[in-house]
Amino acid sequence: MQEKKMTGEVYYPSQEAIDNAHIKNWDELNQLATENYEGFWEERANELHWYKKWDRVLNDDDKPFFKWFEGGKTNIAYNCLDTHVKTYRKNKLALVWEGESGENRVFSYFALRREVRRFSNVLKSLGVKKGDRVTIYMGRVPEIVVAMLSCASVGAIHSVVYGGFSVEALNERLDDSHSKVLIVADGAYQRGKVIPLKEIADEALKRAASVEHVLVVKRTGQPVNMEIGRDMWLHELLNLPIANQPFEMEELDAEDPLFILYTSGTTGKPKAILHTHGGYMVGTYTTMKYVFDIKDEDRFWCTADPGWVTGHSYLVYGPLLNGATIFMYEGAPNFPYPNRWWSLIERWGINIFYTAPTALRGLMRFGDAWVNRHDLSSLRLLGSVGEPINPEAWKWFHKVIGKEKCPIMDTWWQTETGMFMITPMPSVPLKPGSGTRPFPGIIMDILDEEGNSVKPNEEGFLVIKNPWPAMVRTIFNDPNRLVEQYWTKYPGYYMTGDSARRDDDGYIWIIGRVDDVIKVSGYRLGTAEIESALVSHPAVAEAAAIGMPHEVKGNSIYAYVMLKQGVEKTEKLIDDLRQHVSHEVGPIAKPEKIEFMDSLPKTRSGKIMRRVLKAKELGVDPGNLSTLEE
Ligand code: WTA
């Protein structure tokens with residue numbers, strides 16, 4: 001690959017980067033893995049701990065409900081903790097944490113396992129069993145990692161709800177998952193202020209009948225309401241003798257669920273993407289190892305929130321499966337000053353730094369001087385995720401942060417894929433703005449409406465043609481939706497919902513979503529959620545939301561609102577509506593702009609034509625209008 005002349009702007013890896021990489025020859029590995037992907041994943045699975053090995057690597061009898069490592073017995077938490085505690089890594093740091101106000105906590109692998117065992121005993125004492133759902137709602141504090149691993153240890157299914165979501169979003173997720181337990185922090189710090197998580201949860205719990213117990217983590221210490229018989233302080237339970245008893249991890253089937261994670265789709269309510277212990281473990285372990293090239297001496301920082309899939313796969317599970325040291329920071333990147341992240345890299349000696357384009361664009365604006373005050377020479381690899389990275393941000397990341405010596409891993413993947421799907425490795429030539437090629441063993445294509453592969457440099461729908469171990473298994477409570485949403489447009493292929501093109505070197509360039517998903521600051525939101533929040537306001541009859549290009553956020557939300565008869569169109573109402581969306585869904589969903597309309601463009605069958613609104617806003621041709629209602 002390296003010898004071939006490539007098109008466009010190319011950054012070739014240094015010989016040193018190649019020599020140090022786990023995978024030195026991408027082409028060779030790719031050929032092997034693609035010819036026999038079952039064999040490739042089986043070999044990777046053999047590197048992990050199984051109480052019992054599988055009977056069958058891949059069961060595709062009931063497509064698209066694929067099963068991986070069927071018959072195998074394992075537990076992902078065992079592989080994250082016990083495996084390492086049994087080796088020289090016992091006293092190695094597993095988790096290094098810094099709070100927004102500067103305090104820090106560290107956990108060795110041994111200490112983290114101890115915390116997880118105590119927490120697991122508490123869960124068991126509350127009657128939490130294999131298959132029960134446990135919702136977790138807190139900020140970026142070590143307890144969130146402990147809580148996730150404890151659920152896995154007892155075989156419960158965790159459902160982490162992003163701490164930036166609000167009442168309605170939390171209520172919907174508690175209710176849909178029928179969670180038995182909610183683990184919530186009293187509050188979370190953000191930019192010196194306290195977000196009253198427990199108070200939000202109390203409101204959400206009013207309509208969540210399934211929740212029997214609420215475990216409250218003390219973080220901020222502000223007074224909270226404790227409902228007798230339902231709410232308990234976690235620290236009090238952890239000090240009971242029962243918490244300190246010996247604990248045996250559940251031996252689980254490879255296909256037993258590990259977690260559900262709600263994410264926005266094309267229509268309707270967010271859907272619960274379900275991942276399992278076995279396949280997800282093999283996928284995140286392998287991609288973490290090859291792409292971030294994890295070595296024992298590394299300190300890895302993924303800035304994502306555990307409430308999103310990146311936090312699950314590459315803040316918690318992927319790094320711990322590899323025995324790495326993870327770093328976690330509680331607060332905002334520019335608090336109290338725009339150098340906070342760079343100072344953390346310097347002080348904690350971070351080697352691998354994985355973040356989102358929106359954050360980079362936000363920090364770029366403050367100028368290079370904030371960065372240059374710090375010694376960032378510990379860095380050796382960088383990563384980007386969540387949305388296409390514009391070449392300008394890529395180059396700033398490469399030059400100003402990486403000092404032109406750190407390759408950037410631009411990783412494309414989704415909540416549904418569980419693991420990286422299109423990504424470079426440190427030994428691969430890079431092009432700013434492209435995630436390069438599919439991970440070895442993953443077969444992807446770009447198709448036109450009719451399902452033919454498009455020519456190089458033409459845009460089309462990105463699909464995945466073969467199964468992979470960390471793939472979504474089902475949508476909890478709604479398996480039909482899995483089939484409809486992903487496997488129907490092109491039977492036999494997984495439809496990603498993204499459009500893309502492939503260049504003459506086979507490099508893939510993501511263009512963006514082709515459905516009603518909007519990526520705001522890398523966060524995934526659905527037009528439906530924003531619209532239903534607006535319509536729940538007493539003044540609103542109908543609403544439509546679209547994503548509009550935004551310099552820092554990638555996209556921002558514009559909303560168009562038809563008011564009920566007789567309601568007056570005022571500036572104050574616009575403010576109220578924005579506040580209302582923030583209260584219902586969360587501050588990230590707050591529309592940037594709201595416009596009152598007398599009617600909304602609709603098809604004759606009554607579907608809102610969002611593309612017409614978008615074209616009008618952008619001042620471009622709206623395209624075919626033949627289905628537009630009079
Ligand atoms: C987008 C986040 C371009 C894409 C891991 C995808 C990206 C959606 C990239 C999934 C990238 C993610 N380049 N676009 N490197 N990574 N996306 O489920 O549109 O929150 O479909 O998972 O993010 O978002 P999700």
Side-chain angles (χ1 to χ4, degrees), residues 48 74-85 89 92-98 105-109 111-113 115-117 119-120 134-154 156-163 183 185 217 249 257-261 273-289 291-292 294 298-330 352-355 383 385-386 411 413 415 417-420 470:
L48 293 156
T74 190
N75 190 314
I76 196 170
Y78 188 98
N79 279 285
C80 287
L81 300 167
D82 297 60
T83 301
H84 308 307
V85 171
R89 290 190 184 125
K92 177 179 172 173
L93 292 183
L95 173 62
V96 174
W97 175 83
E98 182 164 313
R105 290 164 72 188
V106 296
F107 299 80
S108 65
Y109 271 94
L112 187 61
R113 185 180 68 164
E115 293 306 313
V116 169
R117 286 182 164 181
F119 202 134
S120 302
V134 173
T135 295
I136 302 175
Y137 183 58
M138 57 178 117
R140 278 189 297 272
V141 287
E143 283 78 4
I144 197 165
V145 180
V146 175
M148 288 164 77
L149 291 166
S150 302
C151 288
S153 299
V154 302
I157 306 172
H158 61 69
S159 168
V160 182
V161 177
Y162 172 52
I183 305 168
V217 175
M249 220 174 252
L258 167 63
F259 67 83
I260 51 177
L261 185 58
I273 300 299
L274 184 139
H275 285 288
T276 58
H277 273 256
Y280 175 81
M281 169 173 84
V282 174
T284 51
Y285 162 76
T286 308
T287 46
M288 182 74 204
K289 178 172 170 181
V291 176
F292 282 122
I294 278 291
D298 282 326
R299 279 205 177 166
F300 176 76
W301 181 12
C302 165
T303 66
D305 193 279
W308 300 86
V309 76
T310 308
H312 282 60
S313 299
Y314 299 104
L315 193 157
V316 180
Y317 291 113
L320 292 178
L321 288 168
N322 280 279
T325 300
I326 54 185
F327 176 72
M328 180 162 145
Y329 163 60
E330 180 181 37
I352 309 171
F353 178 61
Y354 184 37
T355 191
V385 64
T411 60
W413 58 296
T415 308
T417 71
M419 63 180 222
F420 302 151

| Roughly how far, to the nearest 0.5 Å, is the CZ atom of F292 from the OG1 atom of T411? | 5.5 Å
| request: Go through the steps for I76 and L258 under the test side chain to side chain contact (heavy atoms under 4.5 Å, CB included), then give the verdict. | output: CA-CA 8 Å; I76 196 170; L258 167 63; 3.6 Å; yes
| task | Report yes if some heavy atom in the side chain of T310 is under 4.5 Å from a heavy atom in the side chain of L315; otherwise report no. | result | no
| request: Examine distances only and state if a side-chain atom of T284 and a backbone atom of A470 form a donor-acceptor pair shorter than 3.5 Å. | output: no
| note | For E115 and F107, the nearest pair of non-hydrogen atoms, with its separation, is CG-CE2, 3.9 Å
| task | Could you tell me the separation between the CZ atom of F259 and the OG atom of S313, rounded to the nearest 0.5 Å? | result | 5.5 Å
| note | Closest non-hydrogen atoms of V134 and A156, given as atom of the first, atom of the second and distance, are CG2-CB, 4.1 Å
| message | Is the shortest side-chain heavy-atom distance between K289 and L321 below 4.5 Å? | response | no
| message | I'd like to know if the side chain of H84 and the backbone of K92 have a donor-acceptor N/O pair within less than 3.5 Å. | response | no
| note | When rounded to the nearest 0.5 Å, the distance separating OG of S159 from CD1 of I136 is 8.0 Å
| query | Counting N and O atoms only, with roles assigned by atom type, does the side chain of N322 sit under 3.5 Å from a partner on the main chain of Y285, one being a donor and the other an acceptor? | reply | yes
| Closest non-hydrogen atom pair between A152 and H277, with its separation | O-CE1, 3.7 Å
| Of the non-hydrogen atoms in P319 and I326, which two are nearest, and what is the gap between them? | CB-CG2, 3.2 Å
| task | Might you point out which heavy atoms bring Y137 and V161 nearest each other, and give the distance in Å? | result | CD1-O, 3.5 Å
| said: Donor-acceptor pair, distance only, cut-off 3.5 Å: does the side chain of T325 make one with the backbone of L93? | reply: yes
| query | So, F327 versus F300, ring centres under 6.0 angstrom or not? | reply | no
| pair V96-E98: side-chain heavy atoms closer than 4.5 Å | no
| task | Could you tell me the separation between the OG atom of S153 and the CG atom of D82, rounded to the nearest 0.5 Å? | result | 7.5 Å
| task | Evaluate the side chain to side chain contact (heavy atoms under 4.5 Å, CB included) criterion for residues T74 and L48: first the C-alpha distance (whole Å), next the side-chain angles of each, then the deciding distance (0.1 Å), finally the verdict. | result | CA-CA 9 Å; T74 190; L48 293 156; over 6 Å; no
| For the rings on Y354 and W301, is their centre-to-centre separation under 6.0 Å? | no
| H312 and Y317: aromatic ring centres closer than 6.0 Å? | no
| field | Note, I352 side chain near D298 side chain (heavy atom, < 4.5 Å) | value | yes
| Within the 6.0 Å centroid threshold, strictly below: Y314 and W413 | yes
| Roughly how far apart are L112 CG and C80 SG, rounded to 0.5 Å? | 9.0 Å
| field | Identified side chain to side chain contact (heavy atoms under 4.5 Å, CB included) partner of M281 from the options T286, N79, N75 | value | N79
| field | 4.5 Å side-chain heavy-atom contact, T303 and F353 | value | yes
| How far does NE2 of H158 sit from CD1 of I260, to the nearest 0.5 angstrom? | 10.0 Å
| said: A side-chain contact here means heavy atoms from C-beta on lying under 4.5 Å apart; do T135 and I183 qualify? | reply: no
| query | Closest heavy-atom contact between T415 and H275? | reply | O-NE2, 2.8 Å
| Less than 4.5 Å apart, any side-chain heavy atom of V106 and any of L95? | no
Could you list the donor-acceptor pairs under 3.5 angstrom formed by side chains in residues 138-149, with sequence neighbours left out?
| from | atom 1 | to | atom 2 | distance (Å) |
| --- | --- | --- | --- | --- |
| R140 | NE | Y329 | O | 2.8 |
| R140 | NH1 | D305 | OD2 | 3.0 |
| R140 | NH2 | E330 | O | 3.1 |
| R140 | NH2 | G331 | O | 2.9 |
| E143 | OE1 | R105 | NH1 | 3.4 |
| E143 | OE2 | R105 | NH1 | 3.2 |
| E143 | OE2 | R105 | NH2 | 3.2 |

